[in-house]
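Heads up: the structure comes next, in structure tokens.
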Amino acid sequence: MLIIPYGKQHITDADIKAVVETLQSDYLTQGPKVAAFEKAFADYVGAKYAVAVANGTAALHLCTLALGVNEESRVITTPITFVASANCVHYCGGTVEFADINPATALLDIEKVRQLLESKPKGYYSGIIPVDFAGNPVNMEELRALADAHGLWIIEDACHAPGGFFYDSKGQKQICGNGQYADLAIFSFHPVKHIATGEGGMVTTNDEQLYKKLLQLRTHGITREPDLMQENHGGWYMEMQELGYNYRIPDMLCALGISQLQRAETGLARRKGIAKIYDEAFKEVEGIEILSTNPAAMGAQGDKGHAYHLYVIRVQDRKGTYDFLRQHQIFAQVHYIPVHTMPYYRSLGHSKGAFPEAEQYYAHCLSLPMYPSLTQEEQAFVIQKVKEFVGK
Ligand SMILES: *Cc1c(COP(=O)(O)O)cnc(C)c1O
């Protein structure tokens with residue numbers, strides 16, 4: 001029998017053609033596809049600038065570097081995220097603190113963040129890394145107001161939410177990663193994400209200074225721009241001005257990304273369609289709870305800014321449900337084990353029990369199959385098996 005995973009890439013003949021053409025071109029890396037992918041992605045999310053990088057984790061690291069995170073920095077993030085959202089602070093020697101989630105949405109609870117900020121003198125914290133978890137957009141306008149009141153920068157981890165949006169207080173649509181409120185936003189192109197390049201990532205921003213800094217840090221801290229150099233010895237001359245990395249993404253992957261991006265809206269519509277069918281199937285079922293969409297992401301016309309990277313249900317016997325689905329070749333997943341309970345984070349002084357909502361959420365959550373090529377029959381089978389186990 002066929003395996004049904006929780007997420008999966010979708011590769012077409014056009015994608016393959018784009019990669020092959022790039023392989024046959026003059027540039028495998030540092031060529032024209034990189035800038036073309038950046039331009040297409042910036043346009044897609046409505047940001048001024050985009051910087052394509054090796055993966056989403058590299059994108060996060062470049063952001064913390066560009067914002068000057070160091071040993072003095074204290075940064076707040078959510079415990080319900082992939083570990084990379086927190087690790088990027090430690091890469092620069094900073095300290096991570098967590099704030100608990102809102103149990104209805106599993107997003108960072110802005111009230112909890114406010115309490116944490118108000119419990120310390122101003123200047124104690126330097127930034128905040130919210131995550132558009134599962135594709136459910138954080139109300140970035142609200143978070144920006146809080147961040148401004150405390151002098152914080154914001155890195156929006158939008159890995160789950162390309163094409164997601166919320167409505168601001170003026171009723172304007174604000175697309176995740178559009179640079180309107182967050183200083184920087186990051187995306188990943190890992191195969192389970194909306195746009196797949198194998199490995200790949202992107203930073204978006206409206207801030208020209210940060211943009212230039214990211215470009216330099218992505219390639220060893222080297223610049224070739226005459227205006228930025230202290231000396232100039234001739235055509236070969238370049239300067240390494242700060243310690244950077246090689247976080248570049250090759251042209252073949254950018255060509256794949258450009259090709260994938262052309263189907264982004266179709267894929268997103270499919271994800272929303274799949275979510276609607278799950279919603280309908282589970283809404284009256286006792287023992288199955290679904291996550292709420294952030295009210296800010298609900299449009300007056302019934303449109304929804306949730307990008308549905310994941311479709312999460314909560315069940316009493318999560319391990320039982322997981323194992324039962326697996327027996328039927330349905331590979332549901334758990335997102336996420338709370339970051340503060342990981343041995344590395346415990347070794348830094350974080351402890352189990354510190355964030356009860358996150359831990360309670362983790363005890364019951366299960367991500368069901370969600371990807372554009374999931375067929376109606378496959379989804380019906382998943383629903384049938386979930387109901388069969390929960391109804392027992
Ligand atoms: C996937 C993901 C990342 C990391 O992206 P990679 O491309 O795998 O390095 C970071 N944060 C979140 C929330 C993610 O889902």
Side-chain angles (χ1 to χ4, degrees), residues 5-9 37 41 45 50-65 75-92 96 98-99 101 105-108 127-138 140 154-164 176-177 182 184-204 214 218 245-250 253-254 256-257 260-261 271 291 294 306-312 333-340 342 344-345 358 361-362 365 367 370-371:
Y6 85 91
K8 167 163 121 178
Q9 74 273 18
F37 185 31
F41 197 85
V45 302
V51 178
V53 294
N55 54 63
T57 305
L60 282 162
H61 188 193
L62 288 181
C63 289
T64 49
L65 284 167
V75 177
I76 300 169
T77 191
T78 168
I80 298 299
T81 185
F82 184 54
V83 290
S85 316
N87 292 350
C88 63
V89 175
H90 288 290
Y91 294 159
C92 297
V96 172
F98 299 95
I101 59 163
T105 58
L107 296 174
L108 192 58
I128 174 160
I129 306 179
V131 179
D132 299 312
F133 173 72
N136 201 3
V138 168
M140 217 50 76
I154 301 176
I155 301 172
E156 176 183 6
D157 184 338
C159 284
H160 295 185
C176 296
L184 297 159
I186 71 108
F187 296 86
S188 161
F189 308 124
H190 182 276
V192 297
K193 310 284 163 74
H194 288 50
I195 292 155
T197 64
E199 297 286 351
M202 193 75 80
V203 185
T204 59
L214 291 167
R218 172 177 65 178
Y245 294 79
N246 177 356
Y247 279 165
R248 296 186 302 255
I249 179 173
L253 299 189
C254 290
L256 179 54
Q260 291 254 317
L261 199 52
R271 287 174 184 273
L291 283 179
N294 186 345
H306 198 311
Y308 287 109
H309 164 56
L310 302 173
Y311 189 89
V312 179
Q333 250 305 354
V334 171
H335 299 92
Y336 287 99
I337 303 163
V339 178
H340 68 281
M342 290 288 179
Y344 173 73
Y345 280 88
Y361 165 81
Y362 166 61
C365 67
S367 307
M370 167 58 84
Y371 48 90

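Below, all heavy atoms of this structure are taken into account, side chains as well, without hydrogens, waters or symmetry copies. Just so you know, ligand 1 is whichever comes first in the structure, and atom 1 is the first atom listed for that ligand.
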What atoms of ligand 1 come closer than 4.0 angstrom to any heavy atom of Phe82?
2 (C), 3 (C), 4 (C), 10 (C), 12 (C), 14 (C)

Minimum distance, heavy atoms only, to atom 3 (C) of ligand 1: which one of Ala58, Cys159, Gly56 is it?
Cys159

With a cutoff of 4.0 Å, is Ser85 in contact with ligand 1, counting heavy atoms of the residue only?
yes

Thr81 to ligand 1: N or O pair under 3.5 Å?
no

Just checking, any donor-acceptor pair under 3.5 angstrom between side chains of Asn136 and Thr105?
no

Ignoring angles and geometry beyond distance, decide whether Thr57 reaches within less than 3.5 Å of ligand 1 through its nitrogen or oxygen atoms.
yes

If you take all heavy atoms of Ala99 and Pro79, which pair is closest and at what distance?
O-CD, 3.0 Å

If hydrogens are left out, which of Asp157, Thr197, Leu310 has an atom nearest to atom 13 (C) of ligand 1, that is, the closest non-hydrogen atom?
Asp157

Can you say whether the rings of Phe41 and Phe37 are parallel (under 30°), tilted (30 to 60°) or perpendicular (over 60°)?
perpendicular

Among the heavy atoms of Tyr336, does any lie under 4.0 Å from an atom of ligand 1?
yes

Quick one: does ligand 1 sit under 4.0 Å from the side chain of His309, the backbone, both or neither, non-hydrogen atoms only?
neither

Would you please classify the geometry between the Tyr336 ring and the His160 ring as parallel, tilted or perpendicular, with 30° and 60° separating the classes?
parallel

Side chain, backbone, both or neither: Asn55 near ligand 1, heavy atoms under 4.0 Å:
both

side-chain contact (heavy atoms from CB on, under 4.5 Å) partner of Ile155, chosen from Thr77, Val131, Val203, Ile186
Ile186

